[in-house]
Amino acid sequence: MHRSRGLSAALVLSTAAGLGLVAMPQPAAALTAPVAFTADDLPTWQTNGIVWALAEAGGTVFAGGTFSQVRPPEGGSGTAQNAVNFVALNAATGNPTSCNLSFTIGSGSGSATVRALAVSPDKKTLYAGGYFGAVNGTPVSSLAAIDIATCTPKANFHPSVSATVRALAVTNDTVYLGGDFTSVGGAAHARYAAVDATSGAVKSFQADVDEPGRAVAVTPDGNNVILGGDFFTVNGANSHALAVVDSATGANVRTYAGFIENNSVVKALDTDATGFYTGNEGTGGGVFDGRIALDLSTLNQRWRDTCLGATQAVKSYQAVVYSASHAHDCSSVGEYPDGRRHHLLAEPTSGTNKLGWFPDTNDGLGEGIGPRAMAISETSNNKYMWVGGEFTTVNGSAAQGLTRFAATPDVGAPTVPSVSAESVKPTEAHVRWRASLDTDDTKLTYKVYRNGGSTPVYTVDGDSVEWSRPQLSFTDTNVTAGSTYSYRVTATDGAGNASALSSTATVTVPTSALKYAAKVLDDGANLYWRYDESATPFVGDTSSGDQSGIHVNGPSLRQTPAAVTGPSTAIGFNGSDQIVYSDKRTTVPSQYSIETWFKTTTTSGGKLVGFGDNTTRASGNYDKHVYMRNDGRLVYGVWTGSARTITSSNGYNDGSWHHVVATQGSSGMALYVDGSQVGTLAESNSQAYSGYWHVGGDNLNGWPNQPSSNYFNGQIDETAIYPSVLSPAQVQSHYTLASAPADSVQTVRATDDTYVNAGAASTNYGTSTSLAVRGSAAYETYLRFALPAAPAGTVLKSARLAVKTTTLSSAGSTDDIAVRPVTGSWTAAGTTYTSRPAVSSTSVGTLSGATDLSTVYSATLDTSALSPALGGSYDLALTSTGTDALWVWSSEASAAENTPQLVLTFGAP
């Protein structure tokens, strides 16, 4: 939030009436409607100072401000040019035109600046306001009229204005101005006035206010003028920051006493056919920094966007309100919490929900506000959103003072999806990914590819914005227990711009259900984080709730041993700044359960799991949490106006895994540790607010026995949230199942491989990146594996051989491929067709249907044949009796995805 009463504040928009927009063909439907512009910034000449105002006429954009030169865009050709507080640019190219005007002080004192620009409806005259005394040497007094065709000031237009002009609006015959002045043409006019558009003669319009005028707009019917600024009275009547007056007399039509907070002002106004829109700025607590839409028919509020972060400009265009601000907290309208600044936003004229348009600037120079002005220019074959201000970067790259965005082409691709996969049951694999971000498309199309295939096995559309990138998921039921599958995902926008393929997510389908995880899902968890990811920042949700999480500051991944038996891993936190928060803003129902496992020796305590209203910053509202005191005792608490807590009698910072469950419902609160109830409290209420689940830390200020650290130092595993109260029996069942015997899966990559070719009987292919199988003319492939011993108390329950076809056009085969034990000796470096080893006549498996290119296929193997070889070396041959060759990658190939490999599942006899 920011406010200034000095020269740094000014209106930077011309009104809709001054734009004179014309109809033009619409571009192809590439952007997510109703957004009209891409977020891809175009090369544009830069200023060496601040741009305060923009206006447009006939494909030329005029920029006014406080600067002395313009220069080519970063990396562009050309040399810097003098441009004294004004530059005219080609809307389509971003280059300066031949129009060169210098706005200077003249014979006065101080620094000249241009603070407002507006164009006449006929597009022939440009009006400029600010603080200056001459234009190209022609004497003026802070207000000038420029003939656009000749780029010369109109000498017969020279009203005398006593101080800075900050706002302009123009009709066919009248120029309305607002600012700091108290007189115009020698007549008393307190901060608003009107002059003849041709002669500059002062009109009888009288709308006096007590503080500076920042904005002015004329309603489309020409009957009324809208005023915005710092003022508290208009023509003696109470009306803070906003008023509507008669366009001829200035008499009050509508005042707005108490409508806008006293510590907020109106910095910008715009109108369209049905409404008008304010951009507001405030200082201090309880301010209004956002935007208001009001209906022209009633002059009443349509909606109010209460985002925090001062708004400097608003522009209504094709049912969208575009705004320039530094909005950093939109939690009050159900969007992002207090965090980084967003400088350019769009929302529909019908409501406050933000649309998919997220180009961005930095704060830049001066007050560090960022963008301050917006204008739209339409050419014969495109349309452009121009933005000016004090920024020095746009979309992360150097760009000072000016930037622009076109309607087409849309060239920016979505971000690459973050993908993980998991299988809890032998009948399905669960693939999930974080929705990608595209700065000008909210609706993206996702394609899921399996085992390196080129045809997607699943396609789905999903919506996302920067602060809401929900998990999307696909349940693959076309799987075989014991088999390993790999998945990759792409995201594509409406223009066809596609992300790169995601990293590969690999999963082995178990031969029997993972008992603990299956029970958590069966008991209705709608958030379930198992922490099996190998990379940050995405934490997949195993439940159907698709409430994924985001790592902050790089927690330690894949920690072992985990809390429960089976292939899952845990996550480690450093106790200082590492957390996971849920990516989806939500509310907590009146009955719920919190469950997690933890292991620590910390004496600094910290929050294990809790609910709060922020993500990466400390929450302002926070409860429904379980935290550890310095002595290792656990506290479960809710807020009802005061802290209501249950505290365990024992400490649990002993370095062992412990299970904690906290529940609340109509019968009150309960806390369980290691399957047993350790406390209850007759409290069924808690604080109601929207927020996010946190694991590993969040605010604990004001809570009983607050630990030394808000952050937990230790390991956490198997976090689940339920929209119901778990019963004591369910809690005990979860605790017991955590140590139940579980199958384990091991993958073993070939240590040696080669193939032989009857057509080149003396050639060795031991260094080849591909392997071949065919009956006639014969190819045979040989594979060697170092088999692990069975873990204690287990036997080999299933085995599969996985290979991946190459990209060769003829790589796939319709023939069945036999998998046979090798009975003779061979070496990868020495074996040829002539010296090929003997193989068993008995097949231990068959590879069938390997017809697609670049795809992983697998064959089930006979465990009775492999079991005696566990703990030693085992060789397999791939043979065929057919004539359709199969080509697969060898272990030397980077595209092999760790194939050829054996996937071995061990479990209890």
Side-chain angles (χ1 to χ4, degrees), residues 3-15 18 52-53 64 113-118 127-131 141-143 159-171 174-185 187-195 202-203 205-219 224-247 249-256 259-260 262 264-271 276-282 292 310-314 372-373:
R3 179 182 177 187
S4 171
R5 292 179 181 271
L7 283 175
S8 58
L11 177 74
V12 293
L13 283 178
S14 56
T15 66
W52 294 99
T113 184
V114 175
R115 294 305 179 99
L117 295 170
Y127 296 90
Y131 182 73
S141 178
S142 294
L143 180 64
S160 174
V161 184
S162 64
T164 303
V165 174
R166 300 184 180 277
L168 292 173
V170 185
T171 66
T174 303
V175 178
Y176 296 92
L177 55 151
D180 301 347
F181 52 84
T182 57
S183 67
V184 177
H189 287 275
R191 302 175 181 88
Y192 283 99
V195 300
V202 180
K203 293 197 169 187
F205 175 91
Q206 197 81 34
D208 292 343
V209 302
D210 60 334
E211 294 285 351
R214 306 273 183 182
V216 63
V218 181
T219 58
N224 295 320
V225 174
I226 307 161
L227 313 179
D230 298 8
F231 51 81
F232 289 87
T233 64
V234 179
N235 294 326
N238 289 333
S239 188
H240 175 53
L242 183 67
V244 180
V245 298
D246 183 86
S247 62
T249 66
N252 292 350
V253 173
R254 175 68 179 269
T255 56
Y256 291 91
F259 183 67
I260 293 173
N262 283 345
S264 298
V265 302
V266 171
K267 294 294 293 290
L269 290 168
D270 196 27
T271 65
F276 64 99
Y277 308 89
T278 73
N280 295 74
E281 175 183 275
I292 304 173
T311 303
Q312 304 298 313
V314 288
R372 288 186 174 273

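As a basis for the values below, the full set of heavy atoms in this structure was taken, side chains included, without hydrogen atoms, waters or symmetry mates.
Once rounded to the nearest 0.5 Å, the distance linking NZ of Lys267 with OG1 of Thr311 reads 9.5 Å. Asn280 CG to Ile260 CD1: the interatomic distance, rounded to the nearest 0.5 Å, is 4.5 Å. Rounding to the nearest 0.5 angstrom, the gap separating the OG1 atom in Thr278 from the CD1 atom in Ile226 is 10.0 Å.
Formation of a donor-acceptor pair under 3.5 Å by the Ser141 side chain with backbone atoms of Val161 is found in this model. Judged by distance alone, with hydrogens and angles left aside, the side-chain atoms of Asp180 form no donor-acceptor pair with the main-chain N or O of Pro212 at under 3.5 Å. Panel note: side chain Glu211, backbone Arg191; no donor-acceptor pair is recorded below 3.5 Å. Counting only distance, with no hydrogens or angles, the side chain of Ser247 and the backbone of Val225 share no donor-acceptor pair below 3.5 Å. His240 contributes no side-chain N or O that, together with a main-chain N or O of Gly229, makes up a donor-acceptor pair within less than 3.5 Å.
Looking at Val216 and Tyr192, their side chains come closer than 4.5 Å, going by heavy atoms from C-beta outward. Within the 4.5 Å cutoff, side-chain heavy atoms of Phe259 are placed close to those of Ile292. Within the 4.5 Å cutoff, side-chain heavy atoms of Tyr176 are placed close to those of Val218. By the 4.5 Å heavy-atom criterion applied to side chains, Val195 and Phe205 are not counted as neighbours. No side-chain heavy atom of Tyr131 sits less than 4.5 Å from a side-chain heavy atom of Val165.
Annotation: side chain to side chain donor-acceptor pair (under 3.5 Å) contacts of Tyr277 (sequence neighbours excluded): Asp272, Arg302. Residues forming a side chain to side chain donor-acceptor pair (under 3.5 Å) with Ser142 (at least two apart in sequence, or on another chain): none. Every residue two or more places apart in sequence or in another chain was checked for a ring pair (Phe, Tyr, Trp, His ring centres under 6.0 Å) with Phe231, and none qualifies. Listed by chain and number, the residues in a side chain to side chain donor-acceptor pair (under 3.5 Å) with Asn224 amount to none (sequence neighbours excluded). With sequence neighbours excluded, the residues forming a side chain to side chain contact (heavy atoms under 4.5 Å, CB included) with Thr249 are Asp246, Ala251, listed by chain and number. Under the side chain to side chain contact (heavy atoms under 4.5 Å, CB included) criterion, Ala193 pairs with Leu177, Phe181, Val184, His189, not counting sequence neighbours. Residues passing the side chain to side chain contact (heavy atoms under 4.5 Å, CB included) test with Ser239, sequence neighbours excluded: Val234, Ala243, Thr255, Tyr256. Under the side chain to side chain donor-acceptor pair (under 3.5 Å) criterion, Asn238 pairs with no residue at all, not counting sequence neighbours.
Between Val314 and Asp270, the closest heavy-atom pair is O-CB, 3.6 Å. The two residues Ala215 and Ala167 come nearest to each other via the heavy atoms CA-CB, 3.6 Å. Of all the heavy atoms in Gly228 and Leu269, the pair that sits closest is N-CD1, 3.7 Å. Between Asn252 and Ala237 the shortest heavy-atom distance is ND2-CB, 3.5 Å. Summarising the geometry of Ala268 relative to Gln312, their closest heavy-atom pair is CB-O, 3.5 Å, with the distance given to 0.1 Å. Minimum interatomic distance between Ala207 and Gly250 (heavy atoms only, all atoms of both residues): CB-O, 3.8 Å.
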| task | Kindly determine whether Asp230 and Arg214 satisfy salt bridge (Lys or Arg N to Asp or Glu O under 4.0 Å), including the steps that lead there. | result | CA-CA 7 Å; Asp230 298 8; Arg214 306 273 183 182; 2.9 Å; yes
| Between Leu227 and Val244, does a side-chain contact (heavy atoms from CB on, under 4.5 Å) hold up when you go through it step by step? | CA-CA 6 Å; Leu227 313 179; Val244 180; over 6 Å; no
